[in-house]
2 protein chains.
Amino acid sequence: MATMHDVARLAQVSVSTVSYVLTGTRPISQATRNRVLAAMAELDYQPNAMARGLASRRSRILGLLMPMDERGLGATETAFVTGAAAAASAAGYHLVLSPVGGGNLDDLRRLASQRMLDGVVLMEVQLADERVTVLQEAGVPLVLIGRTGDTSTLSYVDIDFDQTVREAVAHLVGLGHRRIVYVNHSAATLASGYGPALRTRDAFTAAMTGHGLEPVMIAAEDSAAGGRAALAAAFARTPELTAVLAMNETAIFGILGELTGRGLSVPDDVSVVSMVTSPQVAELATPALTAMTSPGSALGRIAIEALVRHLDGSAVDRHQQLLPCALEVRGSTAAPRSRQPMGADQ
Amino acid sequence: MATMHDVARLAQVSVSTVSYVLTGTRPISQATRNRVLAAMAELDYQPNAMARGLASRRSRILGLLMPMDERGLGATETAFVTGAAAAASAAGYHLVLSPVGGGNLDDLRRLASQRMLDGVVLMEVQLADERVTVLQEAGVPLVLIGRTGDTSTLSYVDIDFDQTVREAVAHLVGLGHRRIVYVNHSAATLASGYGPALRTRDAFTAAMTGHGLEPVMIAAEDSAAGGRAALAAAFARTPELTAVLAMNETAIFGILGELTGRGLSVPDDVSVVSMVTSPQVAELATPALTAMTSPGSALGRIAIEALVRHLDGSAVDRHQQLLPCALEVRGSTAAPRSRQPMGADQ
DNA sequence: ACACGTCGTCGAAGCGTTTCGACGAAGCGG
DNA sequence: CCGCTTCGTCGAAACGCTTCGACGACGTGT
């Protein structure tokens, strides 16, 4: 393994000159630069990341902390990751994913304090997230995907749930639906302070009320069985329901199954809209689901870019941004059978 | 940020003594050790990972290289990851996931040559995988999850596809099925040399032939539409089919939809078995799928443990191991309607 | 022609560890 | 009681890089 000394000797320059060629920190004449570059190529030189990190006090590694819980990453989360990885690579950083589960907060503390990460992006942030505290105490630059309860001091990128829910509801109302049920994540998830669940709940209430309609929300366990139970509960509360809006990607398959089981057809009897869903998942269902497609890779990219700007010092203040999901109409929504669609002109 | 010097000064010992306490490389008296430990605690000392890595020439970081393609990680892959992370943590290593997609082989080469990773575990290995070559050239210790074509020289852990397919087929045959169609991954995937697809194909042929039955395999695109098309093709080739064995987790939802669309019920008209599937996914379908459950976290754990043993020098030879999937009977398989189940006693 | 920047390069001092050789103090058999 | 290990500790030399101060060699404005 060739070192800088070897390169310097071969190119007949000092070690520091080689370093300057590599980092561009100081001007180097074209002639010298070429000699150095040639020497590097000949020796197949690769800088030692550890030595670099030690001397410069920055590792050029960014962490993407993702909770790896029971259910795997959906296509949505995967899009975050690929977007982030591409952005990091473009900025000359490595991106490592760290599967910090719930328990190992100490693991996280260690990782952070060991100065191995220049900065981190945190996924799936809770309203009150201990990880944020740990990282802030360790002085690690931080960008969130999602938001904590108090958004004032931190950088974040998140989905604009308010706008997304409003659009979904408007789509259904525009088709003529009046009895719309919202299937959210489980009660436990809501109680734990999971931002998306809470924000969509509030947004749904606001949107429905705005249309003069009654907001009915059901909390469903994240499983097919949970979806089934939720639908049963929905019919119990609102027998004439004609549309379901679902945040719970897992439950939605149970909902569809139960609908079919009751002899109801989608979309003729009941329309279904899935929230924050990737096209891949939406296409899995029969018929394919009308869904609010999450901005996916853009979220990851923007988060990394904000973090890098912060590290490079080109931006000192925090970055806060919301991205809406886009409505993609597929086969699971239609006008309700019992009445004609109501356009704005009626 | 406290350094070793600070700890040494506070504990009134030399720096090297502190290091010995930390690493256990040389004996240290209990009294001194306690003084040092106390000093560390008081200063909230955390060793600098870079400095450690530079001096010791080992980073204590393990890489898990996973391809992050279009479709996200299923629960199966997630289980690999969590298993691996737990094992690495237990062995005192950090585990970082690197999303190396198809294109960036150079990225990989760089990562490998920069001596930032002590060793790597490679997921989703192709029969002819360039990444293996790159890493071997860079001299990075390597364990595969999956197998290359030539398995002789490398360490790997993989699913025992032969055994898994045999068991799945035996289950269906035991219920009385004779016309069984195997829905594999796409023709393109097969052509690209994706091991699981090829091995299950061969295993299916062998298993069916062993029962004196005709093996019919359909290649399906990884999408719901692909599943539908595959089922249509299956009925065209084998109109009296009573059972479907599916490797393609994505296509299976299309298959189920198409079955329902044709007015066929699962499992009364057609039985369905899903291969290498996680319980979570199996439960999404209605009825829940009988499936061959992948060994999940065990794969990840075993791979990491093998790698660590290699790095610690406690094992020099390669580790090769196959784990079967476990049959979990749920609601999607039953005796075919047209004839009685055939037990061994008939 | 003179002081004065700027450019391109060098040498050396770190960065925070590990690790090697050395060395006094015990402990031990003879 | 002497020479020998073994134990516990120390000081110093790496590890491979970045970065700072210095220093000629040149333009440049005056």
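To find a chain, count down the sequence lines: A is the first, B the second, and so on, and within it residues start at 1. All heavy atoms count here, side chains included; hydrogens, waters and symmetry mates do not.
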Can you find a side-chain donor-acceptor pair between Thr17(B) and Ser14(B) that sits under 3.5 Å?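 Yes, a side-chain donor-acceptor pair sits under 3.5 Å.
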Rounded to whole Å, please give me the gap between [atom1] in [X] and [atom2] in [N].
X: Met50(B); N: dG14(C); atom1: CE; atom2: C1'; result: 17 Å
X: Leu54(B); N: dT18(D); atom1: CG; atom2: P; result: 12 Å
X: Arg9(B); N: dG16(C); atom1: CZ; atom2: P; result: 12 Å
X: Gln12(A); N: dC10(C); atom1: CD; atom2: C1'; result: 15 Å
X: Asn48(B); N: dC15(D); atom1: CG; atom2: P; result: 19 Å

For the side chain of Ser16(A) and the base of dG11(C), is some donor closer than 3.5 Å to an acceptor across the two? yes
Can you find an N or O donor on one side and an acceptor on the other, under 3.5 Å apart, linking the side chain of Arg26(A) with the base of dG21(D)? yes
Among the candidates [options], find the nucleotide nearest to the side-chain atoms of [X].
X: Thr32(A); options: dC20(D), dT9(C), dT18(D); result: dT9(C)
X: Ala51(B); options: dT17(C), dT19(C), dT9(C); result: dT17(C)
X: Met4(A); options: dT19(C), dT18(D), dT17(C); result: dT18(D)

Taking 4.0 Å as the cut-off, does a side-chain nitrogen or oxygen of [X] come that near to OP1 or OP2 on [N]?
X: Arg57(B); N: dT18(C); answer: no
X: Tyr20(B); N: dC7(D); answer: no
X: Ser56(B); N: dT18(C); answer: no
X: Thr17(B); N: dC10(D); answer: yes
X: Ser19(B); N: dT18(C); answer: yes
X: Thr3(A); N: dG16(D); answer: no

Which is it for Arg58(A) and Leu311(A) under the side chain to side chain contact (heavy atoms under 4.5 Å, CB included) test, yes or no, and what are the steps along the way? CA-CA 10 Å; Arg58(A) 30 191 15 245; Leu311(A) 292 176; 4.1 Å; yes
Any side-chain heavy atom of Arg309(A) within less than 4.5 Å of one from His319(A)?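 They are in side-chain contact.
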Residue from Arg9(A), Met40(A), His5(A) passing side-chain contact (heavy atoms from CB on, under 4.5 Å) with Val18(A): Met40(A)
Within a reach of under 6.0 Å around CD of Gln12(A), are more than 12 heavy atoms found that belong to other residues, nucleotides or ligands? no
Within the structure shown, what part of the strands sits under 4.0 Å from Val13(A) by heavy-atom distance: base, sugar-phosphate, or nothing?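 Val13(A): backbone/sugar contact only, no base atoms under 4.0 Å.
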